[in-house]
Amino acid sequence: MGWVSTFEAQPESWVKKVTITRQAGDWYMSFFVEITPEITPKYRERIGVDLGINNWATCSDGTQFSNPKAYKAATKKLARLQRHLSRKVKGSKNWAKCLLKVQKLHQRVANIRRDTIHKITTFLAKNHSQVVIEDLNVSGMLKNHCLAGSIADASFYEFRRQLGDKAERYGSKLMIADRFYPSSQLCSNCGHRQKMPLVRRTFECPNCGLAIDRDLNASINLECETFRSEIRLQCLK
Ligand SMILES: [Zn+2]
């Protein structure tokens, strides 16, 4: 193959394996390297994270990560291009041209998504000793039945995979809440349980009067999951 020039510098550590792939007309090179874990100082013992579609992640300390503007713009454009493609004669030159454009934009959407997930998971794993997330993105799956739903699904698994890797790398612990744990139905203040249809964005507790954003409430519940009994005891005292 000879010499190849790359956009980015090669990793400094010993490269064990190189994979070259072609996606949507572009070439990519990935390096397999071994790294030693780098334990970072932690600013908070434990954080709960609720995953969604518009708000990618709502954390129990109030931090929110929402849809980047570039992502919204790219998905809109992708929908338009796909309509154009469907009107072209299959197999024609114009169709092939349009198809490549669609593939490139698909790639861009996926790249922005992966990049956003990288930023969130790095923040979580670097700064917290324990990160608690849901077992399955149940609420996300119910919110949408179409394309957005399947994207959310894929994002959830990508999120979990990256977080697992980074937890190891930065010396934190990833904890998965029980899949039947009703994080969105419980009051994060008193533990009162009520049905929470998806249209209700605020959790209003008839028992203690708490009114709190639905996702934030769920994330606090995830943070407190195994501590709940201890918290109840403190309330009784
Ligand atoms: Zn309450």
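Numbering of ligands and ligand atoms starts at 1, following listing order. It should be emphasised that the depicted structure is a prediction, and the values quoted were computed from it without experimental measurement. Values below: all heavy atoms of this structure, side chains included; hydrogens, waters and symmetry mates excluded.
- Residue contact annotation: His192 places no N/O/S atom under 2.8 Å from the Zn ion (ligand 1).
- For the pair SG of Cys208 and SG of Cys190, the angle at the Zn ion (ligand 1) is about 120°; rounding is to 10 degrees.
- Centred on the Zn ion (ligand 1), the angle running from Cys187 (SG) to Cys205 (SG) is recorded as 110°, rounding to 10°.
- With a 6.0 Å radius and a threshold of 12 heavy atoms from other residues, nucleotides or ligands, Tyr43 has its OH atom at or below the threshold.
- For the residue pair Ala125 and Thr40, the shortest heavy atom distance occurs at O-OG1, 4.5 Å.
- Under the 4.5 Å side-chain heavy-atom criterion for ILVMFWY residues, a single connected hydrophobic cluster contains both Val102 and Trp95.
- Exactly one of His192, Arg193, Lys195 qualifies for a side-chain hydrogen bond (donor to acceptor under 3.5 Å, both in side chains) with Gln185. That residue is Arg193.
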